[in-house]
*Asks:* 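What follows is a single structure, and I will ask about it in a moment.
This one's a predicted model, so the numbers in the text were calculated from it and none came from an experiment. Heads up: numbering here begins at 1 and tracks the sequence.
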Amino acid sequence: MEPKKFIIETENATIQVDPQRSDLVEMKRIDGKRYVLVAIEGEATVNGVEVNIP
C-alpha cells in the first residue's frame, strides 16, 4: 500500500480520497446492501458538473 494514496476498489467503482481525509469514508450495511459513504464538505462535482445534494 502506498501511504500517499487512499483508494477503495470494487468490481464496479474506484474511489480515491486524500489519505489525510480518510476519516470522511465510512462503510455501512443498509437494508442488507453494502455501501461506501463519503462525507462531503463544501461543493461536489460529478464529471466536472457541480451537483446539489440536499
Side-chain angles (χ1 to χ4, degrees):
M1 184 171 124
E2 200 174 323
K4 294 184 180 182
K5 292 186 178 183
F6 186 85
I7 300 172
I8 301 161
E9 295 177 308
T10 72
E11 282 183 31
N12 301 312
T14 300
I15 302 167
Q16 183 173 332
V17 178
D18 180 341
Q20 294 179 340
R21 295 311 318 259
S22 62
D23 61 309
L24 297 175
V25 178
E26 183 178 352
M27 297 188 188
K28 270 191 159 182
R29 187 176 297 268
I30 302 171
D31 294 331
K33 294 183 183 180
R34 297 179 300 165
Y35 289 88
V36 176
L37 306 171
V38 180
I40 297 173
E41 296 177 347
E43 299 175 2
T45 59
V46 176
N47 294 331
V49 177
E50 187 176 326
V51 292
N52 180 24
I53 302 171

*Asks:* For Asp23, which residues count as a side-chain hydrogen bond (donor to acceptor under 3.5 Å, both in side chains) partner, sequence neighbours excluded?
*Replies:* Arg21

*Asks:* Taking side-chain contact (heavy atoms from CB on, under 4.5 Å) as the definition, give me every residue that meets it alongside Gln16, ordered by chain and number, with sequence neighbours left out.
*Replies:* Ile7

*Asks:* Side-chain atoms of residues 25-35: list all donor-acceptor pairs with protein atoms under 3.5 Å, sequence neighbours left out, distances to 0.1 Å.
*Replies:*
from	atom 1	to	atom 2	distance (Å)
Arg29	NH1	Gly32	O	3.4

*Asks:* Measure the CD-CG distance between Glu43 and Asn52 for me, rounded to the nearest 0.5 Å.
*Replies:* 10.5 Å

*Asks:* Where do Glu50 and Thr45 come nearest, in terms of heavy atoms and distance?
*Replies:* CA-CG2, 3.8 Å

*Asks:* Which heavy atom of Ala44 sits nearest a heavy atom of Ile53, and at what distance?
*Replies:* CB-CD1, 4.3 Å

*Asks:* State plainly whether one hydrophobic cluster holds both Val17 and Leu37, where clusters connect Ile, Leu, Val, Met, Phe, Trp and Tyr through side-chain heavy atoms under 4.5 angstrom apart.
*Replies:* no

*Asks:* If I compare all heavy atoms of Phe6 with all of Pro19, which pair ends up nearest, and what's the gap?
*Replies:* CB-CA, 3.9 Å

